[in-house]
Amino acid sequence: MTARTTVLGDRRPRAAERAGSRRRHPARGGDHVRPPARTPTVYFFVLAAVVTVFLLLGLVMVMSASSISEVNRGRSPWRIFQRQAMWAAFGVVGMWATMRVPMHVVRRIVPLLLAGCAGLMLLPFVPGLGYAVNGARAWVSVGPITFQPSEFAKLGVLLFTAHLLSKRATEMHLVKRTLVPVLVVAGAGAGMCLVQGDLGSAIVLAVIVFAVALVAGAPLTPLGLFGGAGAAAALGFALSTPYRRDRFTAFLDIAAHKDYLSYQTFQAMIALANGGWTGQGVGRGASKLGDYLPLAYSDFIFAVIAEELGFIGIFAVVGGFLVIAYCGMQVALAAPDRFSKLVAGGVVSWFVVQAFINIGGVIGLMPVTGLTLPFFSSGGSSLFVTLTASGLLLNVAGNLK
Amino acid sequence: MHAERRPLVRRVRRPPRPARVRFRAGDLAGRMRAVFVVSAVLLAAVMVRVVLLQTVQADGLLRVARSQRFTERILHARRGTIYAANGTALAVSVQAPTVVANPQLVLDPPGVSAALASVLDLPPARRDALRVAFEAKSKSFVYVARQVTRSAADAVMALKLPGIDVYDEPSRAHPQGALASSVVGLTDTDGTGISGLELADQAVLAGKDGERTRLHDKDGRTIAGQVTTQPSQPGTDLMLTIDPVLQYLVEDALLSRVDALKARGGTVIVMDTRSGQILALANARRSATGAPAITAGNLAAVEAHDPGSVAKAFSLAAAVDQGVVDPTTMFYVPSTWVFDPGKPYSKTIHDAEKHAPNLSVRQIVTISSNIGTMLIADKIGSQKLNEYHRLFGFGAPTNAGVPNETKGLLKPWDKLRGSEKGTVAYGYGYSVSSLQLIAAMNALANGGTYVAPSLVTATRDANGVTHRQPAPATRRVVSAETASTMAGLLTSVVCSGTAKAAQLPGMSVAGKTGTAYKIQANGTYAADDGKTRSYFSSFVGYFPAGNPQLTILVSIDEPDANSNERFGGTAAAPLFKQVAQIALQRTDVTPVDGDRGCPRGK
């Protein structure tokens, strides 16, 4: 806070003071000099390895799952892969940036990020910019680039929540000072997602805030109440129209609705069974052929992984998320400051919950919500934001106490 | 500022309202561990579900996967051709057009069904059934008419009706018409044998259908390199023993004879004495319209009858073989015999005609005396006679390759009751098929050696390799001397006995007539009025008697009971002569001296 409130005139004397201090104690350094690099822990390397494998495997599977359906539509088989690879490149740059930038700098721009996200969230409603996919008006198209603002909102809300709850670390027992403000932000963000018709993003947004608040130590009773209220709201939304209600309840009896309401899930289950233990081999899955399984390369890429890589592939993916969760926990426990801890906890919860909701929908454990599988599903903004968030996690992991 | 003002306010407010702080903040490390535990539980739930889908539920899902992703097409195997002995094809597989419909694509059900019915000449009931199927639209495939003519199929295609299609499927054709259908049998529309050799040799004739399986995408596009073909294996061809010309003439003669006698049916079998090969086999039966027709089922092997007097030949052969009688042995033969006199179930039998009381064995067989034959057989006893019957092949199938062949009924000797002990000697109390009967007589013709009848000489497999059938099993039944003696006795039957109508000019014939009463609906040999009987008249013989080459069985089923031509010697023997003369033209049977017919003056 001091940095923000310092008037411009104060900076020069303070800089001079820091310079003098450095002259007197050369070993101590100043805050504009990089602190001596800490040796990254094993968690950093493990996380970096998982992220790398996920990113590369995801690109391969998007290639495998999308090329035939693109060819059938008379387009280049590389089209979706190229777009995904381009966003992966952006995402790696973003990840590198978030990995290197000091955490206190991140904290400084949190309000800016939140405001930016709020602005982006309005863009889908701007005529000429926003457009709808599968009934959700959640996309923005600017020139050649299309993106989903709610993906960025997830990161923005996460950082804001972590920032606020670390700033008010001593007031966690005061609901009005801590829980209410973050829930207002979460509610606003989730509400905008719902207005866009994107229940999945709303749920993830709410879960991120809930998780950060939980890790931050918010009292369980009000947290539970708010959580229950949020769940009730989500349920209400899911049951709000007959179509949504049918879609929602179809997962309870997938075989009975396999021709229409739970067609995709049933096809995904077939793909899973067909994969067996070792899979058909990359590229040899049949679900993607002629859209037996529509959107195989995005929401349902887990089914393609299951069919082509079998149980081994599934174990690697689910196990990878478990490794992320474990390393994230260790990183959060060992992080030097509260903000870093909360960011690590939030990112981990986000990845795991979004992966669970996606995979759960694919394998029929829960209704299909239209969320992507982090790192794997085709979808530029999703991949970019996932990698950026991974960068933050790696940032924390690389600077443990 | 904000952060500095806050403690001040708290200090002011806390003492009066300490209850304001109602909640306690949690511990970050503990909460973080809880988050991990929840994450692990969620991911574990995913793995459990995955494992369930891949193991317990996998089979059902894979079935669906297979049915929606793969399409199989049956590659019909060419069914084996059935050839007659000279290479004439009797049954071949050809491609026949079949008209099919996809009701879901038919636009005008009443109009289309009416148009198809008129072009294909369908009955009104079939037309209405098609209209109902077209209107229901519940199926995507129905047959309109199977295996129609090419011109009818072309006419259907010329209508260019949506949803109506024609494709070729294998169909069975008979280039020689119904020739030898009693032996060859029939197939159903799907090409599966339902009678005759078509049924008996279904497994080898059918071959093995192949299959073409292709992986296709949801829109039906075949995936390159994902087509697997299991080629079909053509069926095996059969070469029969049947001489088609002889068969044709035999069928013709049989039908005329059955028609002339107003009989229910009849059977003729011509057998090569040495090899046991059936050269011709025809069964006739009056159809529903009243005209006699060659049957597609081999009644000669499927139906069994009491053999009647023909069986006297076997009783006599047994006694001669045992050495207890010779042709000159004399018997006192009463014209009437009473079984179990004085008992409630006593039974009286008569000989057909009055005769002198003292008869030689030769006379007994020549006039076909029931009581005389019984007395001869009594010399060897029921058990011995039964052993001979089994050696002659009664009570066991011939295994000539006829489906559903009967083994007849031959009771063990100690199960014979009352008069049966006597009547088995002259052919009542057990039953045999015509095929068993000719095989038994053929054993006498073949010098006392039984040779199993056969219908197939060779098979030709899918690779064109011909496999000769192994020679049929043989066994000695009676000695050669006995067979020779029997030839003399049976020649007497033809020359001076009941079968004079079977004489051939310039050829000595041995044989035995039989006129059996058929069992009536009430289980006895006479209907309830005690008079109405139906007959099964037969003649089984062979020639030349000294060196037999051909054995022929003729039987007439239920000749007109009021006609004089209802007996074996009058109904069957003339047909035997006719068939024998035809057979002589088809074979090179040449009699030697002493074998050129009946001695003059007898």
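Just so it is clear, the model here is predicted, and its values are computed rather than measured. Chain letters run A, B, ... following the sequence lines, proteins first and then strands; every chain starts at 1.
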| Atom pair CG/CG of A:Asn274 and B:Leu62 - distance to nearest 0.5 Å | 6.0 Å
| field | Gap between atom CZ of B:Arg31 and atom CG of A:Leu214 - 0.5 Å precision | value | 5.0 Å
| Neighbour count above 12 (heavy atom, 6.0 Å) for B:Lys218 NZ | yes
| task | Measure A:Ile359 against the heavy atoms of chain B and call it side chain, backbone, both or neither at under 4.5 Å. | result | side chain
| Close side-chain approach of A:Phe321 and B:Val46, heavy atoms under 4.5 Å | no
| request: Report the option among B:Ala29, B:Ala65, B:Ser39 that has the most heavy-atom pairs separated by less than 4.5 Å from atoms of chain A. | output: B:Ser39
| How many angstroms lie between CD in A:Gln330 and CZ in B:Phe36, if you round to the nearest 0.5 Å? | 8.5 Å
| field | Candidate pair B:Val35 and A:Met329, rule side chain to side chain contact (heavy atoms under 4.5 Å, CB included), full reasoning | value | CA-CA 8 Å; B:Val35 165; A:Met329 170 186 73; over 6 Å; no
| Top of A:Gly360, A:Ala325, A:Ala271 for chain B proximity - count of heavy-atom pairs under 4.5 angstrom | A:Ala325
| Gap between atom CG of B:Leu43 and atom CZ of A:Phe356 - 0.5 Å precision | 8.5 Å
| field | Heavy-atom pair with the smallest gap, counting every atom of A:Ile363 and B:Arg49 | value | O-NE, 2.7 Å
| query | Using a cut-off of under 4.5 Å for heavy-atom pairs, which of A:Thr221, A:Val175, A:Leu322, A:Leu223 has the most such pairs with chain B? | reply | A:Leu322
| task | Among A:Ser349, A:Gly276, A:Ala332, A:Gly345, single out the residue with the greatest number of heavy-atom pairs under 4.5 Å to chain B. | result | A:Gly276
| task | Tell me, out of A:Ala306, A:Ala255, A:Ala273, A:Ala216, who's got the most heavy-atom pairs with chain B below 4.5 Å. | result | A:Ala273
| Looking at B:Arg221, B:Gln68, B:Gln226, which one has more heavy-atom pairs under 4.5 Å with chain A than the rest? | B:Gln68
| task | Under 4.5 Å heavy-atom distance to chain B, tell me which part of A:Asp291 shows up: side chain, backbone, both or neither. | result | backbone
| task | Check whether any side-chain heavy atom of A:Leu220 sits under 4.5 Å from a side-chain heavy atom of B:Phe23, and report yes or no. | result | no
| query | Checking A:Thr178 against chain B: side chain, backbone, both or neither under 4.5 Å from a heavy atom? | reply | neither
| said: Please check if the number of heavy atoms outside B:Arg73 that lie under 6.0 Å from its CZ is greater than 12. | reply: no
| task | Find the distance between CD (B:Gln54) and CE (A:Met269) and round it off to the nearest 0.5 Å. | result | 12.0 Å
| said: Around atom CZ of A:Phe315, are there more than 12 heavy atoms from other residues, nucleotides or ligands closer than 6.0 Å? | reply: no
| task | Look at the side chain of B:Arg24 and the backbone N and O of A:Pro219, then say whether any donor-acceptor pair between them is shorter than 3.5 Å. | result | no
| For the candidates A:Ile68, A:Ile270, A:Val352, which exhibits the highest count of non-hydrogen atom pairs separated by less than 4.5 Å from chain B? | A:Ile270
| remark: dist A:Ser287:OG -> B:Asp217:CG (nearest 0.5 Å) comes out at 12.0 Å
| task | Using non-hydrogen atoms and a 4.5 Å limit, figure out which bit of B:Arg33 sits close to chain A: side chain, backbone, both or neither. | result | both
| field | Interface moiety of B:Met32 toward chain A, non-hydrogen atoms closer than 4.5 Å | value | both
| note | Note: A:Tyr292 and B:Arg69 closest approach over all heavy atoms is OH-CA, 3.4 Å
| task | Step by step, work out the side chain to side chain contact (heavy atoms under 4.5 Å, CB included) result for A:Leu272 and B:Leu61. | result | CA-CA 9 Å; A:Leu272 213 74; B:Leu61 292 168; over 6 Å; no
| Does OH belonging to A:Tyr260 count more than 12 external heavy atoms closer than 6.0 Å? | no
